[in-house]
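Predicted model, so just to flag it, every value in this text is computed and none were measured. Throughout, protein chains are lettered first and strands after them, A, B, ... in sequence-line order, and every chain is numbered starting at 1.
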There are 2 protein chains.
Amino acid sequence: MSSDPPGFELPLRLFLGFRTLVDELHAELGRQGHPDLRPMHGFVMQAIGTRGTTAAELGRRLGVSKQAAGKTIDTLEGLGYVERGTDPGDARRKIVRLSERGVDSLVRSARIFDDLRARWAATIGEDRLHALEADLRTLTPPDYFPLDVPGWFGGYQ
Amino acid sequence: MSSDPPGFELPLRLFLGFRTLVDELHAELGRQGHPDLRPMHGFVMQAIGTRGTTAAELGRRLGVSKQAAGKTIDTLEGLGYVERGTDPGDARRKIVRLSERGVDSLVRSARIFDDLRARWAATIGEDRLHALEADLRTLTPPDYFPLDVPGWFGGYQ
DNA sequence: TACAATCGACAACGTGGTTGTCTAAAATGG
DNA sequence: CCATTTTAGACAACCACGTTGTCGATTGTA
């Protein structure tokens, strides 16, 4: 099929779709009181979850070292999105939990993403969007959540 | 429509699709003699093009400072993928051109991406993949090529 | 009880990004 | 024609995020 698009357009479009959605999310998030959040912060907080976790566990979940996870937690703690506590059953562990502000940002993010999805559905149709999501679900690994994006893309080794 | 997927799945799937394709590209690229290329290098070389460019122009094209573009060129030059030359008509400008090795990596990348696209077409069907590409083309800006990914995602401001 | 494994912290380093400053060369304008 | 502004590239200082290596403290285990 010589009429097929060249293969390099596909990754570019996927990235642009991702970037467009995330940029619009953060523009709106900024208007709603969270101007200092970066794209990766949302993924990290999602990975922390409502039950909390530790730096080492977070690192494993995100595919980065525990030191890198610890630094990111430092940043989020400085911004007021997470809080550190102790584990009564294990003096080594320090539990990281979302603060009220952290939960608020996740709630708003979910709502904004729903709105953005609705706009996409209005543009190409709900059936087409549904098919797009279904196809991507087929083509991508199910439980994969890599968050080493800066290093992965730019190359820290 | 309470049966619609939550909005946050869409950006995640788009990113995973992008990441899956690029990871498989670089795995194969590594087997074909280019093990030290990072994801961003391909985008940068694509932006340099066969006609060559300058650091300042490259920075404008990629949305980063000329200093950042210059550093990336330093890296690619050290890896042997680009070469610096002078501009006979303007002593200030230093033209950056793809080396033979750089062109080879782009040719191989294009072929590998075509193969990966064919595999996706075999999985979900050429018509569905065609629709997916067409929809993404509708939903994303046409001539946008942002390469500040590490900073954009992680946050250098 | 001695030993191994785990957690969190610290240090050193590499890479990519930024801004600011500087010199040289080119474009502009009176 | 010359003075001024603009542009390109190099250099330095700095920040963010990643890595590996090391360490003390705590927990699990043979």
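- Between A/His34 and A/Asp104, the side chains place a donor N or O and an acceptor N or O closer than 3.5 Å (distance only, hydrogens not considered).
- Residue pairs that meet the ring pair (Phe, Tyr, Trp, His ring centres under 6.0 Å) test with at least one member in residues 84-117 of chain A, sequence neighbours left out, do not exist here.
- Among the atoms of the strands shown, base atoms are found under 4.0 Å from some heavy atom of B/Ala68.
- Set against C/dG17, D/dA8, C/dC7, the side chain of B/Val64 has C/dG17 as its closest nucleotide.
- A/Glu9 pairs by the salt bridge (charged side-chain N to carboxylate O under 4.0 Å, His left out) definition with A/Arg13, B/Arg137, not counting sequence neighbours.
- Taking atom NZ of residue B/Lys66 and atom P of nucleotide C/dA24, one finds them 15 Å apart after rounding to whole Å.
- A donor N or O paired with an acceptor N or O is not found under 3.5 Å between the base of C/dG16 and the side-chain atoms of B/Gln67.
- The side chain to side chain donor-acceptor pair (under 3.5 Å) search around A/Asp87 returns A/Arg93, not counting sequence neighbours.
- Contacts of B/Ala131 classified as side-chain contact (heavy atoms from CB on, under 4.5 Å), with partners at least two apart in sequence or in another chain: A/Arg128.
- In this structure, CZ of A/Arg38 is placed 17 Å from P of D/dC15, rounded to the nearest angstrom.
- Looking at residues 70-94 of chain A, you'll see A/Lys71, A/Thr72, A/Thr75, A/Asp90, A/Ala91, A/Arg92 sit with a heavy atom under 4.0 Å from some atom of DNA chain D.
- By the side chain to side chain donor-acceptor pair (under 3.5 Å) test, B/Glu28 is found to be paired with B/Arg31, B/Gln32, residues two or more places apart in sequence or in another chain being considered.
- The phosphate of D/dT19 (OP1 or OP2) has a side-chain N or O of A/Ser65 nearer than 4.0 angstrom.
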